[in-house]
Asks: 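Sending over a structure as structure tokens; questions will come in a sec.
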Amino acid sequence: MRHPARWVGLGVIAILVAMFVHLLVTNDRFRWSFIFLEYQDGKRGVMFTEPVLNGLRGTILLTISSMAIGIGLGIVIAIMRLSENRILSSVAFVYTWFFRAVPRLVLAVLFGNLNILWERIGFGLPFGTQIGKLFGLDGFDGQFYSIKASDLLAGFVAGMLALGLSEAAYMAEIVRAGIQSIDEGQSEAAVALGMSRGQVLRRVVLPQAMRVIVPPTGNEIIAMVKDTSLVAFVPVTFELWFQLQQVSARTFVVLPVIVAALIWYLILCTVLMVAQFFVERHFGKGYGAAAKARQRLRDIQVEQGGRITGVGEGP
Amino acid sequence: MTATEMVRADNVHKSFGSLEVLKGIDLVVKPGEVCCVLGPSGSGKSTFLRCINHLEKINAGRILVDGELVGYRERGGKLHELGEKDVAKQRRSIGMVFQRFNLFPHMTVLDNVMEAPCRVKRESKAEVRDRSLSLLERVGLGEKVGNYPGQLSGGQQQRVAIARALAMRPKLMLFDEPTSALDPELVGEVLDVMKGLAQDGMTMVVVTHEIGFAREVGDKLIFMDGGVVVEQGTPRDVITNPQHERTRAFLSKVL
Ligand SMILES: Nc1ncnc2c1ncn2[C@@H]1O[C@H](COP(=O)(O)OP(=O)(O)O)[C@@H](O)[C@H]1O
Ligand SMILES: [Mg+2]
């Protein structure tokens with residue numbers, strides 16, 4: 001045998017795997033039937049009961065909506081941050097500073113309690129009440145439309161905002177790194193063709209930056225799936241982990257419930273990883289391994305002054 | 001309207017911070033002329049070329065392309081910088097080819113060429129497609145339209161870049177050392193395309209070290225050093241009979 005150490009390693013791993021499978025199969029404390037088949041008489045396995053499935057839906061919905069906020073706002077903030085306008089870039093800086101500094105858990109609780117600040121939230125004239133007073137109109141508040149703050153900012157929306165706004169700060173940094181990784185020559189060529197700044201960004205810079213942006217964004221989405229469990233503190237009950245905890249509290253069954261949660265999170269994560277694979281492949285168009293290597297070689301040559309025919313420039 | 005001067009630069013100055021890179025450049029290029037720009041590294045050739053399509057803002061002087069002030073509007077004897085949209089509009093009719101090609105790597109060759117006419121000029125897609133295909137045919141890349149830039153050689157990429165610029169039907173083409181990043185055996189194919197363009201009457205300003213090209217194709221040659229035009233004339237005169245010491249020193253290194 002050429003690699004004895006490798007074979008010993010493989011043997012050890014095989015034994016450990018066998019022990020793990022043996023544990024899963026023979027230890028009846030896992031109570032697989034409780035998880036998959038039937039957790040009380042006449043009821044489906046705990047993974048598939050109505051409240052848990054609802055919780056799962058909530059988790060997915062919350063992940064999608066808060067990531068949508070995070071990515072959309074993140075792109076805007078990244079662009080602001082890279083803007084030549086000092087005010088825009090400072091606002092973006094302060095935003096990222098704040099939302100990266102505050103723990104998500106604290107944000108979730110904070111957003112759950114924001115309705116203490118305002119009774120109603122709506123659209124209208126800014127400082128409407130004060131303007132009304134100025135003109136001696138007592139009842140005037142300048143609001144066109146408003147709803148009770150506790151209706152809007154409770155539960156799901158508060159959780160979504162807390163996670164989404166926090167995510168935007170992280171996404172902004174990811175997008176900024178992506179944009180900055182693109183060679184200046186790209187936007188220069190685009191501008192020279194007469195493209196507007198918006199077109200350059202949308203058609204040339206961002207599609208290329210996506211190659212750099214997608215992998216860490218995959219990380220963020222997967223982390224978000226798990227961070228949705230934080231909204232239990234808003235409180236939001238429409239969420240997977242909370243619902244499973246409820247089952248646990250009702251039935252005094254602990255381990256299988258944890259395992260059921262684990263399985264759901266594994267499934268969600270797997271789906272996302274498959275999706276990420278395809279997205280990466282899409283944005284990797286034009287970047288085969290060989291093409292990339294050739295490009296790099298060429299770049300190095302150009303850096304070194306190129307292989308100029310006939311002449312060397314300067315000394 | 002076609003002016004009698006395609007490019008006119010009057011006393012162009014450009015500084016980066018305290019570094020003065022262009023110290024009063026004057027130049028006239030007539031329609032259909034090929035003007036070659038020669039000069040040592042750091043003499044401001046690229047900067048001057050980039051001023052012509054307002055990629056760089058000039059600090060003093062003025063540049064006109066086809067009789068129109070580039071990047072500025074004159075009102076009451078004062079120059080006011082144009083907004084982004086107006087500058088972009090002017091750039092549509094000025095093609096530029098870079099040393100490092102700068103093709104869009106995420107688009108196929110055909111999409112690279114079609115992008116600007118479709119998105120910027122909003123021309124009909126079918127028409128742009130036909131024109132792009134024949135342009136690519138003309139630069140000898142009819143076979144490669146579906147490839148990505150990363151799959152092409154440097155010479156092929158540069159020819160695509162030329163086709164991409166031509167697809168906007170420019171009245172002026174700027175070339176910034178288009179062959180300097182190429183392997184020696186690939187230089188010829190790019191120069192051939194440029195020669196063809198010149199024969200078709202395209203007005204071109206070409207920064208290059210290809211003395212042979214300048215002599216054969218150029219109508220005019222300027223030699224820049226230290227941010228000024230040291231010498232200009234017909235390529236034959238300047239190359240065979242340079243009047244200035246600096247030109248002579250440079251040419252002796254190049255030839
Ligand atoms: N964006 C810039 N910022 C600061 N200095 C620059 C910039 N671009 C060019 N320069 C400087 O201007 C000088 C002329 O550069 P360039 O026009 O590229 O010369 P050339 O093309 O003749 O080699 C060089 O000293 C270069 O360092
Ligand atoms: Mg240069």
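Keep in mind that this is a model prediction, so the values were computed, not measured. Hydrogens, waters and symmetry mates play no part in the numbers below; they use all other heavy atoms, side chains included. Protein chains get the first letters and strands the later ones, always in sequence-line order, with residue 1 at the start of each.
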Asks: According to salt bridge (charged side-chain N to carboxylate O under 4.0 Å, His left out), does anything in residues 181-198 of chain A pair up with another residue at least two apart or in another chain? List the pairs.
Replies: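 Every pair satisfying salt bridge (charged side-chain N to carboxylate O under 4.0 Å, His left out) with a residue in residues 181-198 of chain A: A:Glu188-B:Arg50, A:Arg197-B:Glu84.
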Asks: Check each atom of B:Phe104 against the heavy atoms of chain A and say whether the ones under 4.5 Å are side chain, backbone, both or neither.
Replies: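 Looking at B:Phe104, backbone and side chain both touch chain A.
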Asks: Non-hydrogen atoms of chain B under 4.5 Å away: do they reach the side chain of A:Gln186, the backbone, both or neither?
Replies: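 It is both, since atoms from each part get that close.
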Asks: Using a cut-off of under 4.5 Å on heavy-atom pairs, state which of B:Met96, B:Arg164, B:Met168, B:His54 scores highest against chain A.
Replies: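 So the answer, after comparing B:Met96, B:Arg164, B:Met168, B:His54, is B:Arg164.
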Asks: Picking from A:Met210, A:Arg203, A:Gln199, A:Gln208, which has the most non-hydrogen pairs under 4.5 angstrom with chain B?
Replies: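 It is A:Arg203.
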Asks: Working to the nearest 0.5 Å, report the span between CD of B:Glu115 and CE of A:Met195.
Replies: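 Answer rounded to 0.5 Å: 4.0 Å.
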Asks: Is B:Arg236 atom CZ crowded by more than 12 heavy atoms from other residues, nucleotides or ligands, each under 6.0 Å away?
Replies: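 12 or below, so no.
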Asks: Pick one of side chain, backbone, both or neither for B:Ile211, based on which atoms fall under 4.5 Å of a heavy atom in chain A.
Replies: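 Neither the backbone nor the side chain of B:Ile211 comes within 4.5 Å of chain A.
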Asks: Heavy atoms under 4.5 Å from chain A: which residues of residues 117-125 of chain B carry them?
Replies: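 Expected list: B:Arg119, B:Val120, B:Arg122.
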Asks: If I take atom NZ from residue A:Lys285 and atom NE2 from residue B:His106, how far apart are they, to the nearest 0.5 angstrom?
Replies: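 A:Lys285 NZ to B:His106 NE2: 9.0 Å, rounded to 0.5 Å.
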Asks: Working to the nearest 0.5 angstrom, can you tell me the gap between A:Leu193 CG and B:Ile94 CD1?
Replies: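 Answer rounded to 0.5 Å: 12.0 Å.
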Asks: Between B:Leu174 and chain A, with a heavy-atom cut-off of 4.5 Å, which part of the residue counts as in contact: side chain, backbone, both or neither?
Replies: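 Interface part for B:Leu174: neither.
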Asks: So does A:Leu266 have more than 12 non-hydrogen atoms from other groups sitting under 6.0 Å from CG?
Replies: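 Correct, the count exceeds 12.
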Asks: Short question: side chain of B:Asn53, backbone of A:Ala192 - any donor-acceptor pair under 3.5 Å?
Replies: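 Not at all, since once roles are kept as given, no pair shorter than 3.5 Å links the two residues.
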Asks: Considering residues, nucleotides and ligands other than B:Arg131, do more than 12 of their heavy atoms fall under 6.0 Å from its CZ?
Replies: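 Atom CZ in B:Arg131 is packed in, count exceeds 12.
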Asks: Against chain A, work out which of B:Ala161, B:Pro105, B:Ala116 has the most heavy-atom pairs shorter than 4.5 Å and name it.
Replies: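 It is B:Pro105.
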